[in-house]
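Throughout, a chain's letter reflects where its sequence line sits, starting with A, and its residues are numbered from 1. The shown structure was predicted, so the numbers you read here are calculated from the model rather than taken from an experiment.
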Amino acid sequence: MRDEIRFILGDKPHGIRDVAPTTTVLEYLRANGLTGTKEGCAEGDCGACTCIVAAPGAAGVAYKAVNTCIMFVPALDGKQLITVEHLQSADGALHPVQQAMVDNHASQCGFCTPGFVMSLAALHQNNPSPTRAEVNDELAGNLCRCTGYRPIVDAALSLKPGAGFAVPDFGALDTAAMLAIDNAYFAPRSVAELADTLLAHPSATIAAGTTDVGLWVTKLHRDLGTVVALDAVFDMRGIVEADGFIRIGAMATYEDAMAVLSAHYPDLGLLIRRIGSKQIRNRGTIGGNIANGSPIGDSPPALIAIGAVLVLRKGSEQRRMKLEDFFLGYRKTALQPGEFVERIDVPLPAPDAVFRCYKISKRFDQDISAVCAAFLITLSHGVVSAIRSGWGGMAATPAMSKQAEAAMLGKPWNENTLLAAMKALDSDFTPLTDMRASAIYRATVARNLLRKLFVETTADTPRIRLDIPA
Amino acid sequence: MNAIPPAGTLLLNGVGAGVAHDSAAKHVSGAAHYIDDLPEPRDILHAYLALSPHAHARIISMDLSDVAKMPGVVAVMAAKDVPGVNDVGPAMMGDPVFADGVVEYCGQSVFGIAAETREQARAAAAAAKIEYEILPAILTVDEALAAGTFVLPSNTMQRGEPDTAIEAAPHRLKGRVDMGGQEHFYLEGQIAMAIPGEDGDMLVHSSTQHPTEVQHLVARALALSDNQVVTQTRRMGGAFGGKESQASLFAVAAALLAQKSGRPVKCRPDRDDDMVLTGKRHGFRVDYDVGFNDTGRIQGIAFMQAAHCGFSPDLSAAIADRAVFHADNAYFLEHVRIVSHRCKTNTVSNTAFRGFGGPQGMVGIEHVIDEIARYLKIDPLDVRRANFYGVEERNLTPYDMLIEDFVIPDLVEELARTSGYVARRGEIAAFNAESAWIKRGIALVPVKFGISFTLTMMNQAGALVHVYTDGSASVNHGGTEMGQGLYTKVAQVVASEFGIPLAKVKITATTTDKVPNTSPTAASSGSDLNGMAARVAANTIKTRMASVAAGLLGCAPDEMVFAGGLVSGGGKAISFAELAKATHRARVSLSSTGYYSTPKIHYDAKTLKGRPFFYFACGAAVVESEIDTLTGEYRMRRIDILHDCGKSLNPAIDRGQIEGGFVQGAGWLTTEELWWDQSGKLRTHAPSTYKIPGCGDIPAEFHCALYQRGENAEETIYRSRAAGEPPLMLGIAALHALRDAVAASSPDGSLPRFDAPATPERVLMAVEELRAKVASGAVP
């Protein structure tokens, strides 16, 4: 056990002992004179606080843009933190991203600018010749209220490949022992250690990517009590294909999982691309999106439709549970004290099954769904031989539309069946009115999404979607 | 002595050069300091404002004794503890610092706490014991109109005989369009840091567009004289009108708590509190009754504008007036009546926001134009053309201002041509005929925006320029920098006047002890006013230096040319720096103030007639969008803008204003939705729920050009035109492109009521209404 948080700040090793474990990285930086990183919202939605966190891994050092406003300081343990103050070279020359931003008149008030610079520096490091779509993806989590974005995108597209960041000596940090602070914060380093820690602290708050739990601190001003952080549980990040399943470790981030899920379920890839932002997906985990039981998470509806199964673990005991059985009520799940989600088993698609999912929100990027719908449908000679659905935003939990499914199953997939399913949907759900959408809109768009599924599975064109320029 | 510079020597980044924002390198490196980045003085405290949980309630009792006992708490203040005036109303009173006896909106400041840490201050608020008696609340414009609750008396502007003209016209339409308000969402939230000094003086660092007003309100609340308070503002992280009057609350609260505790106090509400506490763009309801002929030309029109002002007047009088002044946009309305109601509701007091009522007035008339076009089944652009102001006739506004120098017809034709409007309309029709579920639309919308504060008195500015003996210059003025590049433009003016490189001109933070009694940086007036004042100051120094140079070079002072870092005359030249030294040696002052007031403007606040504006700034935008008729979602496919900045002081900065303004305006009318629940709580109070445009919303095809024939006919600073607000209204084209796309689902071309913001929900519900119309067979 060890109570010193050790990371590399810029290019220098840095140790911290005297900080409350739920202090955010942003608060820490600003309190210690690194004020280039800004607070715009303290909820991971504006990107003004974006910094780069680098961590060594099997494929070399990974550089990731993150929202420091909802990342706790101990999560930096064993990693490198690069802020806007660390980009200029020793002689004071601007980083190519910084220079391109100046040359393209890409800052006005300048407050969002350090965040944009850091997002673009991460992109420049990872993808030296990005397309416009890739730039848009990278910047979906950075809001600018002045420029209208055009000059920022131009700056990004003007960049030439560069030298990249120098790799520091991560080994010298010596983080092999488990981080444990004041008997209030634990960062176990394996699934086994995690299971033991949670047995000892069964009511602890489990913190994965803190893209939701972080807001309990910054927005709800809650005392999290004992925290068990999953950052260092390296053997819960893996994604492997075995026995007809894609087995996703609960700590795999959206970004980690996107490629493999996208390969088998292209629509799921498109959906994940729209979950949060790059910064959020770099930290947020599929496991967390499920385990926090939120009614508005986007991955549960899709994974329910696909038929995902959870592997839950308590101590050395494992149990399997269908994802749709996991959600008991508003923010209430089947997890018992001391139990955690270890893995999500996503079945590989049957060859004749078609998967479609739709996310409806006010803004295309970085917005919480008003309605999210997913369908796995199998047609045999024009008859619906199998159908599974998953919905978000329609009830207090992610849910299936059992009555609509019943109206479709075994029926010829035609206009009459569609209308029957649309009608049945009204019995499945009684959605609410809130700031994202009215009940009428939710019900209407939900019915229309069945129509969209119908068109996309019966007409010649595989998708009827808005034109998203590449 | 140096040689005379060759003719055509570059102005060294003076006026007209597209130089980078003065702080660009600092922005990108995190070295630009905003108030929260300044080193904190010793013993600083942090303030928290406790907010009302009710939209309308009487405060029966308030016991804060336990708050004072909470850990870290040093000072607690409520209304009764304010030594001076407990009000931060900008023009009229009505905005208490701390609620006094009654709360009038959910989120209103009730009392303030200063504690050692921000968290302690926030936590302490929970210890307050406050009893409320809940009163009935009026939350919407419709409720306010029905109940007759107004913050200010209603107003009417009329010309001709609108009722008769409407009756007599071949066609008539009546209708209504509502538009929501808009959160500023400046990235840097509201903030102030107050530092007590000697003799009870107070230094206030405030993120404000109006340092003078903050100074005056702090003095008034603290019972000090104005000369005891200094307000400083180096830069804001965005403002957009949201820090014109609304910054004062935080500055005054910090100063009050600093005075009480004797320690520096910083007040920085978090994003949620900021969005709940501060006013927004006014939502409006606009009713219309219009008569027109077969070409779509308006014969008579009557508008009823109802502004959602919130609980207090704030700046609503001038904002509602400006909505009236822009009810015509670019169109001649011969017989017209505009009734303006300033509705009082139990919601936050709405305030200045880029455009200041102008956008709401324009959305009204553009809606009418579009409805006329759909009724007559002709292209909306043709209806616009049929109604444009004329050059020799049909050129008097409803408020009796003669339209001179009107570029819209020429500008619109150029944009229609460069954007391929006609051809694309054909392509879109062909696409829509083939595409069952995705529909496209296109719209061209012009903008004519009046430049000057409508409150004539505010159209004045001061500047202070120094030249040092090494030839460097320093400039200070009353304008504030919020990202719009004002400091850069004014420095370019000074560099051009002196003929020295821009790098030799130092820009200094706006502060009330250098240039006093200033106007807010608002109404797009920043460079017009402050650029002129700085130019006057520089010219005063220049004239003195020319006299000295005349003696040295042996020619007349009025022959002197200041260019290229040299001062030349009579075939000889001296460097500017040498001349500065010589001037000082000659015991001639190298420092001067400058003052400017806008000429020609006047108007009668009662009849709303006169010449409220020095000139107009014009532009136009074409937007093409597509919608998903099953979900209501949409995307812009292409944007084309042509905008007139006159002879631009800085084309790069102006382009930034145009593009950014357009996107902000488009956001207002599409995805940016303010949503209050039934108890009057704002539920869209953070970026997770309030959606401003993101990077991916901007299409690759985003063409923006400055109108090359632009040159202000009025004697503005270097014949430029103001660029701050006008481009915002170009965003109306985004709304109309959606209207056009929705109309593609219409059996007869007409549209159901279609309010803004046009969220996916509104788009879908409009499409569904059209579907139902088809299904019911209401239309053949």
In short, B:V28 meets A:V117 closest at the heavy-atom pair O-CG2, 3.8 Å
Backbone N/O of A:S438 and side chain of B:E761: donor-acceptor pair under 3.5 Å:
yes
In Å and rounded to the nearest 0.5 Å, what is the CZ to SG distance from B:F240 to A:C146?
3.5 Å
Within 45° cone and under 6.0 Å: B:R635 NZ/CZ vs A:F364 ring
yes
Counting only N and O atoms by type, is there a donor-acceptor contact under 3.5 Å from the side chain of A:Y149 to the main-chain atoms of B:P693?
yes
With chain A as the partner, which of B:I692, B:V19, B:T670 has the greatest number of non-hydrogen pairs under 4.5 Å?
B:I692
To the nearest 0.5 Å, atom CG of A:L466 lies from atom CE of B:M636 at 12.5 Å
Based on non-hydrogen pairs under 4.5 Å, which of A:S107, A:C46, A:A106 is most in contact with chain B?
A:S107
Determine, step by step, whether B:W437 and A:R451 satisfy the side chain to side chain contact (heavy atoms under 4.5 Å, CB included) criterion, reporting the C-alpha distance in whole Å, the side-chain angles of both residues, the deciding distance to 0.1 Å, and the verdict.
CA-CA 11 Å; B:W437 305 108; A:R451 161 81 61 190; 3.8 Å; yes
Indicate the atoms forming the closest heavy-atom contact of A:F111 with B:Y34, along with that distance.
N-OH, 3.3 Å
At their closest point, which heavy atom of A:D45 faces which heavy atom of B:P687, and how far apart are they?
CB-CG, 3.5 Å
Pick one of side chain, backbone, both or neither for B:R122, based on which atoms fall under 4.5 Å of a heavy atom in chain A.
side chain
Give, for atom NE2 of A:H105 and atom CD of B:E659, the distance between the pair rounded to the nearest 0.5 Å.
11.0 Å
Which bit of B:I658 is near chain A, if near means a heavy-atom gap under 4.5 Å: side chain, backbone, both or neither?
neither
Test log, rule salt bridge (Lys or Arg N to Asp or Glu O under 4.0 Å), inputs A:K219 and B:D272:
CA-CA 8 Å; A:K219 293 275 144 162; B:D272 304 72; 2.3 Å; yes
Among the listed options B:V663, B:D274, B:T759, B:I438, the residue most often paired with chain A at heavy-atom distances under 4.5 Å
B:I438
Side chain from CB out, backbone as N, CA, C, O: work out which of these in A:L87 comes under 4.5 Å of a heavy atom of chain B, or both, or neither.
neither
Ranked by heavy-atom pairs below 4.5 Å to chain A, first place among B:G656, B:G661, B:A32 goes to B:G656
Please determine whether side chain to side chain contact (heavy atoms under 4.5 Å, CB included) holds for the pair B:Y186 and A:R145, giving the CA-CA distance in whole Å, both sets of side-chain angles, and the decisive distance to 0.1 Å.
CA-CA 7 Å; B:Y186 27 66; A:R145 193 54 153 166; over 6 Å; no
Region of B:E633 in contact with chain A, defined by heavy-atom distances below 4.5 Å
both
Rounded to the nearest 0.5 Å, how far does CZ of B:R655 lie from OG1 of A:T147?
11.5 Å
Structural part of B:S688 lying under 4.5 Å from a heavy atom of chain A
both
Do A:K38 side-chain atoms and B:G30 backbone N/O form a donor-acceptor pair below 3.5 Å?
no
Between A:D365, A:L143, A:L449, which shows the greatest number of heavy-atom pairs under 4.5 Å with chain B?
A:L143
Minimum heavy-atom distance A:Q88-B:S29, with the two atoms named:
OE1-CB, 3.1 Å
Could you please spell out the steps behind the side chain to side chain contact (heavy atoms under 4.5 Å, CB included) verdict for B:M482 and A:Q108?
CA-CA 8 Å; B:M482 59 196 96; A:Q108 286 184 26; over 6 Å; no
With a 4.5 angstrom heavy-atom cut-off, is it the side chain or the backbone of A:V371 that approaches chain B, or both, or neither?
neither
Heavy-atom distance under 4.5 Å to chain B: side chain of A:E43, backbone, both or neither?
side chain
salt_bridge(B:D36, A:R30) N-O dist < 4.0 Å
yes
What I'd like to find out is whether the side chain of A:D434 reaches to under 4.5 Å of the side chain of B:R683, using heavy atoms alone.
no
Out of curiosity, B:C695 SG to A:N142 CG, how far, rounded to the nearest 0.5 Å?
8.5 Å
Heavy-atom cut-off 4.5 Å, strictly under: side chain, backbone, both or neither for A:L34 against chain B?
neither
Sort out for me which of B:T631, B:T671, B:I627 touches chain A most, counting heavy-atom pairs under 4.5 Å.
B:T631
Report the C-alpha separation of B:E672 and A:K362 in whole Å, then their side-chain angles, then the decisive distance to 0.1 Å, and conclude whether the salt bridge (Lys or Arg N to Asp or Glu O under 4.0 Å) test is met.
CA-CA 8 Å; B:E672 295 185 36; A:K362 279 184 199 161; over 6 Å; no
Report which part of A:A437 has an atom under 4.5 Å of a heavy atom belonging to chain B: side chain, backbone, both, or neither.
both
Chain A heavy atoms under 4.5 Å from B:F662: which part of the residue, side chain, backbone, both or neither?
neither
Taking the side chain as every heavy atom from C-beta outward, state whether A:T433 and B:W675 have any atom pair closer than 4.5 Å.
yes
For chain A, find which of B:D697, B:D677, B:L674, B:L764 contributes the most heavy-atom pairs closer than 4.5 angstrom.
B:L764
Using non-hydrogen atoms and a 4.5 Å limit, figure out which bit of A:V445 sits close to chain B: side chain, backbone, both or neither.
both
Could you walk me through whether A:H221 and B:D270 satisfy the side chain to side chain contact (heavy atoms under 4.5 Å, CB included) test, starting with their C-alpha distance in whole Å, then the side-chain angles of each, then the deciding distance to 0.1 Å, before giving a yes or no?
CA-CA 12 Å; A:H221 307 282; B:D270 70 8; 4.1 Å; yes
Could you check whether atom CD1 of A:I440 has more than 12 heavy atoms from other residues, nucleotides or ligands sitting under 6.0 Å from it?
no
How long is the gap from CD on B:E626 to CZ on A:R465, to the nearest 0.5 Å?
13.0 Å
Chain B shares the most heavy-atom pairs under 4.5 Å, among A:Q98, A:R150, A:M101, with A:R150
A:R132 bridged to B:E701 by N-O distance under 4.0 Å:
no
Which heavy atom of A:M435 sits nearest a heavy atom of B:E673, and at what distance?
O-OE1, 4.2 Å
Quick one: are B:T629 and A:N448 in side-chain contact, heavy atoms under 4.5 Å?
no
For the residue pair A:C41 and B:R271, what are the closest heavy atoms and their distance?
CA-CB, 3.9 Å
Which bit of A:K452 is near chain B, if near means a heavy-atom gap under 4.5 Å: side chain, backbone, both or neither?
both
In sequence, state the C-alpha distance, the side-chain angles, and the governing distance for B:H27 and A:T113, and then conclude on side-chain hydrogen bond (donor to acceptor under 3.5 Å, both in side chains).
CA-CA 6 Å; B:H27 292 154; A:T113 309; 5.0 Å; no
Is it true that, when you exclude B:K681 itself, more than 12 heavy atoms of the residues, nucleotides or ligands shown sit nearer than 6.0 Å to its NZ?
no
Atom group of A:Q99 that falls short of 4.5 Å from chain B, counting heavy atoms:
neither
